[in-house]
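A quick write-up on the structure given underneath.
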Amino acid sequence: MSKRVLLSTTSFQDTPGSHQDLLNAQDWELVRERGPLSEERMLELAGEFDAFLCGDDIISPEVIDKCLPRLQCISKYGIGLDKIDVDYATEKELPVLFTPGVNHTTVAEHAFGFMLSLSKKIHSNACDVKDGKWVGGWKKPVGNEVMGKTLGIIGMGRIGKEVAIRARAFGMEVIAFNRTFDAEFAAQHGIQQGASAQAVLEAADIISLHCMLTPDTKDLINAAQIERLKDGVLIVNCARGEVINSVDVAAALESGKIGGFAADVLDAEPPQADHPLISAPNTIITAHIASRTHESVQRQANRCLNNLINFFEGTDDVLCANGVL
């Protein structure tokens, strides 16, 4: 019997490449949706599926229950699993597959682009020029070099490491915190280990967030923490939107305590028009596109697709996040 698969990740669907040929070669009944899907929409769709090829859709215990016993596995297009109740999936012996090691380069480039744009006021100045403000006598903005500045990295996994390499190439000092710290990598690249996340945050001129969303990292950047940061600090978030408190960060941008903020993720995606960070000063928000490059999409899509194909065929080449195979 043909497998029935829900495909909801938009970058997979929208980007041409070898993954499309591989997908078309499968004898599957494919149901296409444009995610990220809410729990309500997932519950409407849930039922007769053998697998999900998903992005950041909400897969709650209720969604899982409605899909069992037919649902055989969840193949995540990406690394972050915070939208999936992995513990409940494990309890139900439902494999959760994922794609580590496919998008670290492109996300690191995006984060570093944010840093340069904030520091040198590239984005804001370009917008002013488009708005006709470049006239005789205009008081142009003055930016800063990143060379010599201290970059604080929270989360030194694959992406954090790639950011650190680029920062050192730009002449920056790097201090980082990770729950399991790679001392060999740090020594090789001249990176200082922070004693704690807070120590890194307080030492940094620029902060780059690359940690997973956990109870410990939720609202990591909040009003109390912001008070302890350097005046005028720049913050880049390519982790998860909930790692920062949007209301507190927006207030600090208004006051000038935070000199600039850039994020590819928000705590609500897509955001409402009145989201506090959309209209905050000195802010750049992109629509969760850091990993959305032609190169990265093909790597990520082929990996999640091969995970699912190999799972169905019973072969060993499957990257499983919860050890249920």
Side-chain angles (χ1 to χ4, degrees), residues 3-9 12 19 22-23 26 28 35-37 39 42-43 45-104 107 154-162 177-185 210-218 239-240 242-243 291 296 299-325:
K3 302 293 186 183
R4 191 166 190 260
V5 176
L6 174 64
L7 173 62
S8 55
T9 164
F12 185 118
H19 60 290
L22 183 59
L23 179 64
Q26 307 311 307
W28 295 344
L37 303 178
E39 181 182 26
M42 287 296 296
L43 286 169
L45 291 165
E48 300 304 311
F49 288 104
D50 296 289
F52 296 153
L53 276 170
C54 63
D56 285 327
D57 315 298
I58 304 298
I59 303 178
S60 64
E62 291 75 19
V63 172
I64 291 171
D65 282 341
K66 192 169 179 183
C67 289
L68 294 176
R70 181 166 175 174
L71 188 66
Q72 297 177 48
C73 89
I74 299 167
S75 186
K76 171 67 190 289
Y77 170 88
I79 306 167
L81 301 172
D82 50 282
K83 307 301 183 185
I84 303 170
D85 195 317
V86 178
D87 289 341
Y88 192 74
T90 305
E91 180 184 324
K92 294 296 181 178
E93 298 185 344
L94 180 65
V96 178
L97 316 180
F98 70 148
T99 63
V102 295
N103 66 7
H104 48 287
V107 176
I154 305 296
M156 276 282 285
R158 291 182 177 90
I159 297 171
K161 287 178 177 178
E162 291 292 327
F177 177 79
N178 199 65
R179 289 178 300 172
T180 55
F181 195 79
D182 189 338
E184 182 179 352
F185 175 87
H210 301 286
C211 51
M212 294 187 296
L213 178 62
T214 68
D216 289 336
T217 61
K218 188 176 188 300
R240 286 298 190 198
E242 296 89 342
V243 171
S291 65
S296 177
R299 288 193 300 266
Q300 195 162 242
N302 277 305
R303 182 65 262 185
C304 81
L305 192 50
N306 274 299
N307 275 342
L308 186 55
I309 293 168
N310 294 340
F311 172 81
F312 283 149
E313 294 178 352
T315 63
D316 293 335
D317 186 14
V318 174
L319 301 180
C320 184
N322 64 341
V324 179
L325 284 175

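Source: prediction; values computed, not measured.
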Going through the distances and angles, do D56 and R240 end up as a salt bridge (Lys or Arg N to Asp or Glu O under 4.0 Å)? CA-CA 11 Å; D56 285 327; R240 286 298 190 198; 3.3 Å; yes

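- Distance alone, capped at 3.5 Å, is enough to place a donor-acceptor pair between the N307 side chain and the L319 backbone.
- Side chain of T99 to backbone of G78: a donor-acceptor contact under 3.5 angstrom is found.
- In this structure the side chain of H19 never reaches within 4.5 angstrom of the side chain of L23, judged on heavy atoms.
- Using modelled atom types, one finds a donor on one side chain and an acceptor on the other under 3.5 Å when comparing N322 with T90.
- Looking at D317 and R303, a side-chain N of the basic residue comes within less than 4.0 Å of a carboxylate O on the acidic one, giving a salt bridge.
- No side-chain heavy atom of V324 sits under 4.5 Å from any side-chain heavy atom of V96.
- For the pair E242 and K218, the salt-bridge criterion is not met [side-chain N within less than 4.0 Å of a carboxylate O].
- For S8 (side chain) and G35 (main-chain N/O), no donor-acceptor pair under 3.5 Å exists by modelled atom type.
- Of the candidates K3, R70, K66, R70 is the only one forming a salt bridge (charged side-chain N to carboxylate O under 4.0 Å, His left out) with E48.
- Residues that satisfy the ring pair (Phe, Tyr, Trp, His ring centres under 6.0 Å) test with Y88, not counting sequence neighbours, are absent from this structure.
- A donor-acceptor distance shorter than 3.5 angstrom exists from the side chain of D57 to the backbone of G55, with no hydrogens or angles considered.
- Side-chain contact check for E62 and S60: at least one donor-acceptor pair (N or O, by modelled atom type) lies under 3.5 Å.
- Enclosure of atom CZ in R158 is not indicated, since only 12 or fewer non-hydrogen atoms of other residues, nucleotides or ligands lie within 6.0 angstrom.
- Counting heavy atoms from C-beta outward, L325 and F311 have side chains that approach closer than 4.5 Å.
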